[in-house]
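Data first, discussion second: the structure below is written as structure tokens.
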Amino acid sequence: MALLHRAELRPSKLELLVPWLPGRSWFAGEAGAEVTRVAAYRFDDPAGEVGVETLLVRAGDGPVLQVPLTYRGAPLAGADDFFVGLVEHSVLGRRWVYDACGDPVYPPLLAAAVLADAGQAEEYFEVDGKREMRPASMTLTGSRTGRPVPTGPASTGSVSAGSVSTGSGDGGVTVVRVGDVELAVVRRPVPAEVPGSGGLTGSWPGQDEPVLLAYAR
């Protein structure tokens, strides 16, 4: 479960991505153009410390890009290469935003979704002391491979750039590792066959044919 706040962010998440995205090897679209949200999904950090959200966005008229992000209340040691920027949250204060592929809390959550169809976190707002569920903006479907889902380090751990690799081919795949499992995050997702090793697909209004978001290698 993800408990959200009705809050103002300065800059907004999408504004933060405008200067950051063109520097990525997998970027496609118009550099400097307005970044618009297509859909999004969240995972739940078991420790309750880190926000884990994946945005599906476009830069101008470019293709859909998949951008997993984590939101932290303090800098993450060893993750300078994955730092996206700072935002001021009107409820939580300053938040450090990272490319989730370089955050140790993200890979085990992705592994659970890919290998065991763990799904996305349900999102709630707290209004007048009561929780109101926010409808999901997209549908996620994972595989049920029967493989053990590896567990990762605590959300206070550090990460090495050597545990992440990125290529410009295959839709700009970024590979992350947790335990003995390699997971490919597809940065420019399109409809594709799910590998037998396990995969995660998603669809949203206007995209009825599921796209491949991530898969085990």
task = Start with the C-alpha distance between Leu14 and Thr36, add both sets of side-chain angles, then the distance that settles side chain to side chain contact (heavy atoms under 4.5 Å, CB included), and finish with yes or no.
result = CA-CA 7 Å; Leu14 299 179; Thr36 56; 5.5 Å; no
Are [X] and [Y] close enough that some pair of their side-chain heavy atoms sits under 4.5 Å apart?
X	Y	answer
Asp103	Tyr71	no
Val64	Arg58	yes
Asp44	Leu109	no
Val67	Leu21	yes
Tyr215	Val173	yes
Leu76	Pro104	yes
Trp20	Val97	no
Arg187	Thr174	yes

Identify the heavy atoms of [X] and [Y] that sit nearest to each other, and give their distance.
X	Y	answer
Ala33	Ala59	CB-C, 4.2 Å
Leu140	Gly119	CD1-C, 4.5 Å
Arg147	Ser197	NH1-O, 3.6 Å
Ser143	Val194	OG-CG1, 3.9 Å
Ala40	Arg37	CB-NH2, 3.3 Å
Pro108	Val149	O-CG1, 4.3 Å

inquiry  = I'd like to know whether Leu110 forms a side chain to side chain contact (heavy atoms under 4.5 Å, CB included) with Leu200, so could you lay out the CA-CA distance, the side-chain angles of the two residues, the decisive distance to 0.1 Å, and finally the verdict.
reply    = CA-CA 9 Å; Leu110 179 64; Leu200 180 69; 4.2 Å; yes
Residues that Asp117 engages under salt bridge (charged side-chain N to carboxylate O under 4.0 Å, His left out), provided they are two or more places apart = Arg144
query = Can you list the residues that meet the salt bridge (charged side-chain N to carboxylate O under 4.0 Å, His left out) rule with Glu34, with sequence neighbours excluded?
reply = none
Hey, what do you get for [atom1] ([X]) to [atom2] ([Y]), rounding to the nearest 0.5 Å?
X	Y	atom1	atom2	value
Arg188	Leu65	CZ	CG	7.5 Å
Thr139	Trp204	OG1	CH2	11.0 Å
Cys101	Asp81	SG	CG	13.0 Å
Tyr41	Glu53	OH	CD	10.5 Å

[X] side chain to [Y] backbone, donor-acceptor under 3.5 Å:
X	Y	value
Gln66	Leu213	yes
Ser203	Asp208	no
Thr141	Thr201	no
Gln120	Met138	yes
Tyr106	Pro68	no
Thr145	Leu115	yes
Glu193	Pro195	no

task = Could you walk me through whether Leu17 and Leu55 pass the side chain to side chain contact (heavy atoms under 4.5 Å, CB included) test, one step at a time?
result = CA-CA 10 Å; Leu17 294 179; Leu55 300 179; 4.1 Å; yes
Arg24 with Asp99: basic N within carboxylate O range, under 4.0 Å =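 Answer for the salt bridge query: no.
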